[in-house]
Amino acid sequence: MPTQITAHAVTKSFLGRTVLDEVTCSLAAGERTGIIGENGSGKSTLLRLFAGRERPDSGEIVVCADGGIGYLAQDERLPADTTVGQVIDRALRELRAIEHRMRRLEAAMAAGDESAMAEYGELTTIFELRGGYDADARVERALHGLGLGLVARDRTVGGLSGGEQVRLRLAAVLAAGSEVLLLDEPTNHLDDAALTWLEDHLRTRRGTTVTVSHDRVFLERVATSLLEVDADRRSVVRYGNGYAGFRAEKAAARQRWVQAHTQWQADIERLRETAATTARRVAPGRAMKDNNKMAYDRAGGRVQQSLAGRVRNAEERLRRLLADPVPPPPEPLRFAPALRAGNGHGVVLEATDIAVAGRLERTTVTVAAGDRLLVTGPNGAGKSTLLRVLAGALVPDAGTVTRRGRIGCLAQEPPPARPGETLSAAVARGRAGDAGQHTERLLALGLFDRSRLTTRVENLSTGQRQRLALARLVTEPADVLLLDEPTNHLSPALVEELDTALADFPGAVVIVSHDRRLRARWAGAQLDLRASVTV
């Protein structure tokens with residue numbers, strides 16, 4: 001298939017910080033590509049470059065799309081006094097202009113103007129490519145599919161909720177019927193029905209779709225290829241065969257790494273043994289023939305020279321291997337249980353009739369060792385407030401909390417950086433023992449490489465700072481984990497590791513999450529704050 005989008009040696013920086021460095025990639029016409037990576041890695045930047053909303057500092061972006069480009073920004077604001085109908089009309093403006101021009105050309109051709117035929121043919125092709133004849137029906141399908149079918153066209157945007165405004169912008173972009181769709185986190189603010197409709201729509205539409213998304217279920221259902229933006233290397237890696245192919249290639253890459261490290265270790269051991277054994281060898285103590293000492297000594301000298309050469313060769317090869325080591329692959333992410341974790345009995349966390357004025361209604365929660373509790377509810381129901389109260393970070397206005405055992409917490413947003421504090425200092429802060437040991441433990445996890453240790457935390461991206469918070473969490477023993485949207489800000493590969501680590505953790509877990517895959521696989525209890533359930 002022909003290439004539709006190309007980035008060639010693209011570099012982009014903001015305020016002196018390089019986000020993308022010499023990135024080269026291409027997408028074929030008709031591909032459905034997901035752009036993945038942690039927050040702050042450059043996913044939205046890459047999409048804006050494709051959309052022409054940003055210019056690269058160097059390199060070139062080429063997009064071939066006669067049928068137009070539709071772009072959904074993650075944080076665009078609509079004028080409050082604009083009506084729903086005006087938003088839709090604005091999205092269809094180009095189609096309406098093409099259709100109006102076609103009608104004029106039809107009139108000109110009817111009047112005998114043959115020169116209008118070439119332009120009319122070109123416009124008809126574009127109009128059909130963008131589904132112009134189906135535009136009005138497409139508008140209705142998009143509005144209904146995204147839960148806006150009952151919203152009046154004369155209603156102003158200012159009267160819509162934030163979620164409704166996002167869905168309206170998405171409906172308008174989809175209604176335009178552009179050949180290339182560039183969508184930045186389109187699944188935000190969608191309920192299950194709207195998510196299913198969007199996934200089905202994108203799977204069946206003609207044209208090319210590029211979507212920034214953290215939603216693993218969406219990527220699994222929609223994407224035929226993935227572009228992973230690496231925040232540390234400021235590069236982009238392409239994976240075929242959708243999300244399943246991405247996971248398979250990640251697993252295969254790790255296995256190759258394990259094999260390469262094992263082979264390197266074996267080669268080092270073999271060459272050391274070869275050098276040591278050969279150096280100990282001497283000319284064989286064979287009998288002297290014909291009492292010819294001169295000939296005997298010459299032969300012995302040749303043997304010694306040969307052995308010395310072998311030693312030098314082995315030592316040189318050993319030197320080269322040691323100069324270019326293959327490090328061990330990162331350790332699998334694993335939470336450290338406290339001594340009492342996994343005992344299988346006893347209440348470790350108990351909250352009775354706790355409440356925070358305006359933020360959390362009276363709620364009672366009891367968590368025993370090894371329990372799993374998923375906290376659900378709409379925005380504003382008090383999910384994050386509940387976790388802060390349970391952790392002791394917020395004193396409730398009413399009720400009591402009893403904690404037995406060590407509690408580990410991961411907040412929804414990474415904590416603010418301390419001015420001037422480096423990554424290595426942040427890892428060791430407040431912890432007993434040698435700071436170097438904490439640093440080596442961090443490096444063993446593979447969450448950062450050694451070149452980042454002297455970087456100031458304030459200069460890290462949001463995703464990198466959340467990685468730091470996760471690193472501190474997994475290296476401290478805990479009886480109870482309190483996790484508030486733990487999949488936020490992290491790359492899908494790290495989220496997959498986090499899933500496995502949680503499954504293997506023997507202690508109790510209380511988690512707030514909107515992650516569809518995590519929720520679908522949840523086997524523990526659930527607390528719906530809307531229903532004021534007591535667990």
Would you call [X]-[Y] a salt bridge at under 4.0 Å N-O?
X      : Y      : result
Arg233 : Asp21  : no
Glu140 : Arg153 : yes
Arg53  : Glu76  : no
Glu496 : Lys250 : no
Arg203 : Glu199 : no
Arg101 : Glu119 : yes
Arg167 : Asp191 : no
Arg334 : Asp504 : no
Arg254 : Glu497 : no

Taking it one step at a time, do Glu413 and Asn488 satisfy side chain to side chain donor-acceptor pair (under 3.5 Å)?
CA-CA 8 Å; Glu413 298 295 330; Asn488 280 6; 5.1 Å; no

When you look at CZ of Arg519, are more than 12 heavy atoms from neighbouring residues, nucleotides or ligands closer to it than 6.0 Å?
yes

Assess the side chains of Gln464 and Ser461: does a donor N or O sit below 3.5 Å from an acceptor N or O?
yes

Non-hydrogen side-chain atoms of Val84 and Leu160 separated by less than 4.5 Å
yes

Ring-face cation contact, Phe218 with Arg516, 6.0 Å cut, 45° max:
no

